[in-house]
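Note that ligands are numbered from 1 as they come in the structure, with each ligand's atoms numbered from 1 the same way.
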Amino acid sequence: MNSSDGASHSSSRPENGFIDSASVVNSEKAILELLQQTPVRDNDEHLIEFSEALRTVAKALRRAAEGKASAQAEAAEWKRKYELERAQNQDFQQQDKTSGGKDDDDVHCESTQNLDDQDDLCNEANEQPHGFCAEHGICSHEVLFDGENDSASRAIQKRMMRKASFKLSWRCKGKRSDQHKHDIVSFEKGNITTAGRTSKQIALKWESPPQTVLIMTKPNSNSVRVLCGEIVRWLKDHKNLNIYVEPRVRSELLTDSSSFEFVQTWKDESEILDLHKKVDLVVTLGGDGTVLWAASMFKGPVPPVVPFSLGSLGFMTPFYSERYKEHLDSILKGPISITLRHRLQCHVVRDSARDEYETEEPILVLNEVTIDRGISSYLTNLECYCDNSFVTLVQGDGLILSTTSGSTAYSLAAGGSMVHPQVPGILFTPICPHSLSFRPLILPEHVTIRVQVPFNSRSHAWVSFDGKDRKQLGAGDALICSMAPWPVPTACQVDSTSDFLRSIHDGLHWNLRKTQSFDGPREL
Ligand SMILES: NC(=O)c1ccc[n+]([C@@H]2O[C@H](COP(=O)([O-])OP(=O)(O)OC[C@H]3O[C@@H](n4cnc5c(N)ncnc54)[C@H](O)[C@@H]3O)[C@@H](O)[C@H]2O)c1
Ligand SMILES: Nc1ncnc2c1ncn2[C@@H]1O[C@H](COP(=O)(O)OP(=O)(O)OP(=O)(O)O)[C@@H](O)[C@H]1O
């Protein structure tokens with residue numbers, strides 16, 4: 001037997017543990033050669049039987065080799081597809097990082113410019129050739145196919161299509177609210193996974209030094225008045241900043257000293273509307289009420305607010321007034337950790353109005369809008385709708401629609417949950433409902449809520465905004481409420497979460513209880 005071929009092939013075993021298909025083919029050749037070299041006589045039964053057996057072995061080897069080759073070709077094709085898909089996914093992740101990173105890490109101080117930038121980013125994302133659908137959606141199947149049309153790749157596509165393809169799309173009211181949609185979910189082979197969250201800690205970096213500061217103060221407080229004078233002088237002498245104050249405060253400062261002549265103020269409402277264009281930073285001296293007051297001055301974009309605590313509770317006022325130099329120094333340098341506090345935009349719609357938005361100016365609230373029975377001693381009846389779906393009929397003292405910042409204020413007193421201010425959502429909290437099962441709700445940020453006084457109501461209702469500006473709602477009148485596009489950025493002392501936890505621990509003594517002693521009965 002010529003063993004040189006067969007012996008060498010059978011001993012060559014590739015690293016992956018499979019027998020090399022070329023060596024199998026060669027083994028068959030060696031067997032056939034052996035049979036030809038060994039003539040078999042008709043009467044030599046053993047040899048006939050042996051050669052038959054060898055032929056069967058050769059045939060079996062050939063079939064195995066053919067099967068193995070086709071399996072290997074198929075595996076190679078799958079591997080090629082997998083690598084192609086992986087490369088594409090890495091590409092998308094890279095693109096996501098480039099566009100998403102800018103959104104998350106760099107918060108520009110001019111919010112109009114910021115929105116424009118984000119719109120551009122959004123448009124760029126929509127122009128991606130793979131993965132994203134034109135209408136702000138994500139298609140699972142688009143990642144799987146790379147556009148090849150040959151029959152082999154179509155056969156493979158057929159196998160991959162076993163998983164139904166789908167599309168996720170965001171139905172947004174306006175283009176500007178689309179900005180974060182690509183951050184939230186990612187997908188691989190049609191599986192949805194959470195990729196990132198928008199509620200990260202937000203840092204504000206100054207791109208040019210702040211130049212103008214507005215100082216707002218709680219009225220009728222001597223300590224606030226004295227501190228205000230000190231801060232104004234320090235900001236002028238040490239930081240050379242332009243200072244704005246309310247007309248009342250300017251008169252107080254000038255009464256104390258004529259050297260405050262440089263302090264600026266405004267004369268009428270139209271100048272207040274333009275304040276956000278001039279002011280880089282707002283400093284508040286007072287309690288939470290002063291922060292609410294400052295926020296209410298800005299009907300549109302709000303500059304970053306630095307709230308100093310000079311009240312008794314101070315949920316939104318994390319800065320210590322006695323350390324104002326140190327705090328202001330670091331804030332003017334930046335970067336600042338901020339909480340973006342969402343506001344609610346409220347419209348009162350009178351039954352007599354032809355169009356919903358034609359009557360009264362929208363009012364923005366930082367804490368809550370309350371619809372209650374006011375001075376009436378009757379039960380309030382309020383029909384509530386969420387995006388045109390009927391929610392419930394409130395029968396009780398009233399209803400609070402609160403932001404998450406306001407969740408620790410009136411809503412808390414009425415039994416609502418406390419919610420981290422960076423969570424976007426609207427709290428739907430009844431006031432003294434005359435029902436055993438009316439639990440408070442938290443609705444998503446994108447809904448529009450309509451609260452209507454029924455036509456057959458026995459009494460009027462009253463609406464108030466952050467505890468102010470009471471208005472009467474007659475039968476047929478409604479309040480329409482949705483998330484406002486202009487949040488209030490408040491500077492954090494540490495960061496959003498630490499400041500929130502500190503305020504519920506220090507302000508409310510939340511879950512304060514004497515710790516159980518070590519000794520006593522034990523479960524072994
Ligand atoms: N029963 C109640 O708890 C109740 C009743 C009416 C109004 N309020 C709240 O008062 C707010 C108006 O505040 P104000 O200072 O102008 O009036 P205010 O002077 O009557 O003070 C109300 C209290 O609520 C606190 N507060 C305000 N906002 C808060 C917040 N976001 N988290 C925790 N506590 C907060 C204030 O520190 C203050 O102690 C309203 O928006 C409403 O939330 C509460
Ligand atoms: N600049 C302002 N002009 C008019 N009113 C203001 C101004 N700042 C605050 N207020 C009002 O003064 C009231 C009290 O203010 P604030 O809550 O800041 O002080 P506080 O009552 O001493 O604080 P706390 O409630 O923490 O004890 C609030 O109703 C608020 O609306």
Practice task
Would you indicate which of Gly289, Ser312, Ser221 comes nearest to atom 30 (C) of ligand 2 when only heavy atoms are counted?
Solution key: Gly289
Handout entry: Cationic tip of Arg233 above Phe260 ring, under 6.0 Å, 45° of axis
Key = yes
Fill in the blank from the handout: Among non-hydrogen protein atoms, atom 4 (C) of ligand 1 lies closest to Tyr410 CD1, 3.6 Å
Practice task
Step by step, work out the ring-ring contact (aromatic ring centres under 6.0 Å, His included) result for Phe298 and His276.
Solution key: CA-CA 7 Å; Phe298 295 91; His276 70 277; 7.2 Å; no
Exercise for the section: Return a yes/no value: protein heavy atom under 4.0 Å from atom 21 (O) of ligand 2? Expected result: no
Exercise for the section: Examine distances only and state if a side-chain atom of His420 and a backbone atom of Gln422 form a donor-acceptor pair shorter than 3.5 Å. Expected result: yes
Problem - Sidechain-backbone polar pair: Asn381 side chain, Ser457 backbone, donor-acceptor under 3.5 Å - result: no
Exercise for the section: Describe, in one word, how the ring planes of Phe438 and Phe428 are oriented to each other, choosing from parallel (under 30°), tilted (30 to 60°) and perpendicular (over 60°). Expected result: tilted
Handout entry: Gly286, any N or O under 3.5 Å of ligand 2 N or O
Key = no
Practice task
May I ask whether Thr217 has any heavy atom positioned less than 4.0 angstrom from an atom of ligand 2?
Solution key: yes
Fill in the blank from the handout: For atom 19 (O) of ligand 2, the closest protein heavy atom turns out to be Lys218 CD, 3.0 Å
Handout entry: Proximity to ligand 1 by part of Leu292, non-hydrogen separation under 4.0 Å
Key = side chain
Practice task
State, to 0.1 Å, how close Gly425 and Met483 come at their nearest heavy-atom pair, and which atoms those are.
Solution key: N-CE, 3.7 Å
Problem - Check: Asn367 main-chain N/O paired with Thr403 side-chain donor or acceptor under 3.5 Å - result: yes
Fill in the blank from the handout: of all protein heavy atoms, closest to atom 3 (O) of ligand 1 is Ala413 CB, 3.3 Å
Completion exercise
Between Trp486 and Pro301 the two heavy atoms that sit nearest each other are CD1-N, 3.5 Å
Practice task
Can you pull out the closest protein heavy atom to atom 32 (N) of ligand 1? Residue, atom name and distance to 0.1 Å, please.
Solution key: Thr408 OG1, 2.7 Å
Fill in the blank from the handout: CD1 (Ile400) and CG (Leu427) are apart, to the nearest 0.5 Å, by 9.5 Å
Practice task
Please report which non-hydrogen protein atom sits nearest to atom 11 (C) of ligand 1, along with the residue it belongs to and the distance in Å to one decimal place.
Solution key: Asn367 ND2, 3.9 Å
Exercise for the section: Determine, counting only non-hydrogen atoms of the protein, whether one lies under 4.0 angstrom from atom 4 (C) of ligand 2. Expected result: yes
Problem - Candidate list Thr217, Asp256, Thr255, Asn220, test side chain to side chain donor-acceptor pair (under 3.5 Å), partner Arg225, passing option - result: Asp256
Handout entry: Contact check: Ser312 vs ligand 1, nitrogen or oxygen atoms, below 3.5 angstrom
Key = no
Handout entry: Polar atom proximity, Leu313 to ligand 2 (N or O, under 3.5 Å)
Key = yes
Problem - Protein non-hydrogen atom found under 4.0 Å from atom 21 (O) of ligand 1 - result: no
Problem - Tyr244 and Trp266, any side-chain heavy atoms less than 4.5 Å apart - result: yes
Handout entry: ligand 1 contacted by Gly287 (non-hydrogen, < 4.0 Å)
Key = no
Fill in the blank from the handout: protein heavy-atom neighbour closest to atom 29 (O) of ligand 2 works out as Lys468 NZ, 3.1 Å
Exercise for the section: For the pair Phe319 and His327, name the ring-plane relationship: parallel under 30°, tilted 30 to 60°, perpendicular over 60°. Expected result: perpendicular
Completion exercise
Looking only at protein heavy atoms, what sits closest to atom 10 (N) of ligand 2 is Pro219 CD, 3.8 Å
Practice task
Go through ligand 1 atom by atom and flag the ones less than 4.0 Å from a non-hydrogen atom of Met316.
Solution key: 31 (N)
Problem - Atom indices of ligand 1, in the order listed, that fall short of 4.0 Å to a heavy atom of Lys468 - result: 16 (O)
Practice task
Report the nearest protein non-hydrogen atom to atom 24 (O) of ligand 1: residue, atom name, distance rounded to 0.1 Å.
Solution key: Leu313 CD2, 5.0 Å
Handout entry: Under-4.0 Å protein heavy-atom contact, atom 1 (N) of ligand 1
Key = yes
Handout entry: Closest protein heavy atom (residue, atom, distance) for atom 43 (O) of ligand 1
Key = Glu368 OE1, 2.4 Å
Fill in the blank from the handout: Honestly, for Phe315 the part within reach of ligand 1 (heavy atoms, under 4.0 Å) is side chain
Exercise for the section: For atom 41 (O) of ligand 1, state whether the nearest protein heavy atom is under 4.0 Å away. Expected result: yes
Problem - Minimum heavy-atom distance between Ser309 and Thr317, given as atom pair plus value - result: CB-O, 3.3 Å
Practice task
Just do the side-chain contact (heavy atoms from CB on, under 4.5 Å) check on Tyr410 and Ile431 with the steps written out, would you?
Solution key: CA-CA 10 Å; Tyr410 197 2; Ile431 309 169; 3.9 Å; yes
Handout entry: Closest protein heavy atom (residue, atom, distance) for atom 37 (O) of ligand 1
Key = Asp288 OD2, 2.8 Å
Practice task
Answer yes or no for atom 27 (C) of ligand 1: protein heavy atom present at a distance under 4.0 Å?
Solution key: yes
Problem - Between NZ on residue Lys299 and CD1 on residue Ile363, distance to nearest 0.5 Å - result: 8.0 Å
Problem - ligand 2 N/O within reach of Leu310 N/O, cut-off under 3.5 Å - result: no
Fill in the blank from the handout: atom 15 (O) of ligand 1: of Gly507, Gly289, Gly406, the nearest heavy atom sits on Gly289
Handout entry: Electrostatic pair Arg323-Asp329, nearest N-O below 4.0 angstrom
Key = no
Exercise for the section: Look up atom 30 (C) of ligand 1 and tell me if a protein heavy atom lies less than 4.0 Å from it? Expected result: yes
Practice task
Could you tell me which atoms of ligand 2, counted from 1 in the order shown, lie closer than 4.0 angstrom to a heavy atom of Glu246?
Solution key: 1 (N), 3 (N)
Problem - From NE2 (His460) to CG (Asp477), nearest 0.5 Å - result: 8.0 Å
Practice task
Write down the atom of Ala475, the atom of Pro454, and the distance for their closest heavy-atom approach.
Solution key: CB-O, 3.5 Å
Fill in the blank from the handout: In this structure, atom 8 (N) of ligand 2 is nearest to the protein heavy atom Thr290 OG1, 3.5 Å
